[in-house]
There are 2 protein chains.
Amino acid sequence: MRYLNTYIEIKNRLSECGLKATHQRIVIYECLAKSFNHPTAENIYESIKPNNPSISLATVYKTLDTFVSAHLIHKVFSDDGIVRYDAYTHPHSHIYCINTKEIIDFEDENLNRLIQGYLKRKKIKNLKIKDIQLQILAEKVNIKEKVSIK
Amino acid sequence: MRYLNTYIEIKNRLSECGLKATHQRIVIYECLAKSFNHPTAENIYESIKPNNPSISLATVYKTLDTFVSAHLIHKVFSDDGIVRYDAYTHPHSHIYCINTKEIIDFEDENLNRLIQGYLKRKKIKNLKIKDIQLQILAEKVNIKEKVSIK
DNA sequence: TTCCTAAATGATAATTATTATTAACTAATA
DNA sequence: TATTAGTTAATAATAATTATCATTTAGGAA
């Protein structure tokens, strides 16, 4: 499922998860859903602060943790020791730009099928595979331009 | 290159990197090289403490950081907000066991070639790919047994 | 609509993980 | 052996996250 778009969708999903649909939760989720740069809790806090000065950093941490437990969002793997988040829960991979520190979403159904097929043919015992993501370590050639994948 | 094995090899590699081959560095590197479970700095500190009570935690952090900068070891991607390390720098992937919290090394040259070939045929602009790793999210079926991959 | 209460929040303290500082130590070169 | 730039230990400081608790509130029942 892709990230939730509207207030009603978010509200409904929260209720389905047995969670109260508070204003803070809606704001935090919307902020993350609009962010494609896999922000930290602190990033989100700074982002919502101008329009929501009373939401505390502790609330942001607590709320993100609640969302992760409810599978509304995912944590992103990183190696910098800071937890980052992703509202886009549909299976996808990430491109880690070494020089710009960006983490870019990357999605390719064909490649997924290729890898899954290969792993199925491999004899792996005592393991149940849930998800496969690629970690593509790369460098942006021109820092000012966007990465383009076709 | 696989992880370094002997005192002499470690000593030589440190010198090649313009680093002094101190006792602390040798001990920390050896500890990591023997660990296949991608330990944290704290894990390594606890591990070496019995035989090296005077090596401080700050030294362990500093030394690991130095090793990473010198490409002697790598950081492992994780989503728990704690930095983990890997002495095995040869390109490989990881299996993340959701239920046991283990991170298991996984290596398959054929699969690597398959993915690299696929991505080369894909039109990716403004990006220079350096390394591709799989993040396999899985569950151990029988927690007490080992995972086996053929 | 009102009442009720379990869940949620804000403020802040506490904890955990990591880095900075600085005096003292030492690896390795001359 | 002497020298010194690099390294370390101890500890303070910082950064990231979680715990605590009084107060607030979403949403269901009446």
Side-chain angles (χ1 to χ4, degrees), chain A residues 7-8 10-29 31-32 38-49 51-70 72-73 75-85 101, chain B residues 7-8 10-29 31-32 38-49 51-70 72-73 75-85 101:
Chain A
Y7 179 97
I8 296 300
I10 300 167
K11 204 174 187 302
N12 287 343
R13 274 305 304 269
L14 284 167
S15 299
E16 282 164 22
C17 295
L19 297 169
K20 290 185 174 180
T22 65
H23 168 73
Q24 292 89 335
R25 285 175 175 171
I26 308 275
V27 163
I28 290 164
Y29 184 87
C31 179
L32 183 60
H38 311 93
T40 66
E42 177 83 25
N43 294 154
I44 293 168
Y45 173 70
E46 292 302 330
S47 193
I48 64 176
K49 199 170 176 179
N51 290 337
N52 298 274
S54 66
I55 297 185
S56 77
L57 180 55
T59 295
V60 177
Y61 272 103
K62 185 69 175 167
T63 299
L64 290 169
D65 212 55
T66 299
F67 286 168
V68 168
S69 297
L72 288 168
I73 67 174
K75 288 181 185 178
V76 177
F77 285 79
S78 66
D79 69 351
D80 58 6
I82 310 175
V83 180
R84 294 174 177 280
Y85 300 89
K101 307 294 179 189
Chain B
Y7 180 95
I8 295 300
I10 300 167
K11 203 173 188 301
N12 288 343
R13 275 305 304 269
L14 284 166
S15 297
E16 282 164 22
C17 294
L19 298 169
K20 288 186 175 179
T22 66
H23 167 73
Q24 291 91 337
R25 284 175 174 171
I26 308 273
V27 162
I28 290 164
Y29 184 88
C31 179
L32 183 59
H38 313 90
T40 65
E42 178 83 23
N43 294 154
I44 293 169
Y45 173 70
E46 292 302 331
S47 194
I48 64 176
K49 198 170 173 178
N51 290 338
N52 298 274
S54 66
I55 296 184
S56 76
L57 180 55
T59 295
V60 176
Y61 272 103
K62 185 70 176 167
T63 299
L64 289 170
D65 212 56
T66 299
F67 287 169
V68 168
S69 297
L72 287 168
I73 68 175
K75 287 182 185 178
V76 176
F77 285 78
S78 67
D79 69 352
D80 59 5
I82 310 174
V83 181
R84 293 175 178 279
Y85 301 88
K101 306 296 180 188

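Predicted, not measured: the structure shown is a model, and the values here were computed from it. All heavy atoms count here, side chains included; hydrogens, waters and symmetry mates do not. Every chain is numbered from 1, with letters handed out A, B, ... down the list of sequences.
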Quiz item: Is the closest side-chain heavy-atom distance between B:N52 and B:H23 below 4.5 Å?
Solution: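 B:N52 vs B:H23: side chains touch.
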
Exercise. Mark yes or no for whether A:S47, through its side chain, and A:N43, through its backbone, hold a donor-acceptor pair below 3.5 Å.
Key: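 No, because the side chain of A:S47 does not come within donor-acceptor range (under 3.5 Å) of the backbone of A:N43.
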
Self-check item: A:R84 side chain vs A:V76 backbone, donor-acceptor pair below 3.5 Å
Solution: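 Between the backbone of A:V76 and the side chain of A:R84 there is no qualifying donor-acceptor contact (under 3.5 Å).
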
Looking only at the side chain of [X] (C-beta and beyond, no hydrogens), which of the listed nucleotides [options] gets closest?
{"X": "A:R25", "options": "C:dG10, C:dA8, D:dT7", "answer": "C:dA8"}
{"X": "B:L57", "options": "D:dT7, C:dT18, D:dT17", "answer": "C:dT18"}
{"X": "A:K20", "options": "C:dA7, C:dA27, C:dA11", "answer": "C:dA7"}
{"X": "B:Q24", "options": "D:dG27, D:dT8, C:dG10", "answer": "D:dT8"}

I want to check one thing: is the phosphate of [N], taken as OP1 and OP2, less than 4.0 Å away from some side-chain N or O of [X]?
{"X": "A:T59", "N": "C:dT9", "answer": "no"}
{"X": "A:T63", "N": "C:dT9", "answer": "yes"}
{"X": "B:Y61", "N": "C:dT18", "answer": "yes"}
{"X": "A:K11", "N": "D:dG27", "answer": "yes"}

What nucleic acid atoms does [X] come within less than 4.0 Å of, heavy atoms only: base, sugar-phosphate, or nothing?
{"X": "B:T22", "result": "sugar-phosphate"}
{"X": "A:A21", "result": "sugar-phosphate"}
{"X": "A:S15", "result": "nothing"}
{"X": "A:T66", "result": "nothing"}

Can you check the [X] [atom1] to [N] [atom2] distance for me, whole Å?
{"X": "A:E42", "N": "D:dT14", "atom1": "CD", "atom2": "P", "answer": "15 Å"}
{"X": "B:L64", "N": "D:dT8", "atom1": "CG", "atom2": "P", "answer": "11 Å"}
{"X": "A:E46", "N": "D:dA16", "atom1": "CD", "atom2": "C1'", "answer": "14 Å"}
{"X": "A:I26", "N": "C:dT9", "atom1": "CD1", "atom2": "C1'", "answer": "15 Å"}

Quiz item: What closest approach, in Å, do A:A70 and A:L19 show between heavy atoms, and which atom pair accounts for it?
Solution: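 For A:A70 and A:L19, the tightest heavy-atom pair comes out as CB-CD1, 4.1 Å.
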
Exercise. Of all the heavy-atom pairs spanning B:L57 and B:Y45, show the shortest one and how long it is.
Key: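 Taking B:L57 first and B:Y45 second, the nearest heavy atoms are N-CE1, 3.5 Å.
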
Quiz item: Want to settle it: does B:D65 or A:A58 sit nearer the 5' end of DNA chain C, counting the closest nucleotide to each?
Solution: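 Going by which nucleotide is closer to the 5' end, it is A:A58.
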
Quiz prompt | Polar side-chain contact A:K62-C:dA8 base: donor and acceptor under 3.5 Å | solution =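 Looking at the base of C:dA8, it does not pair with any donor or acceptor on the side chain of A:K62 (distance under 3.5 Å).
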
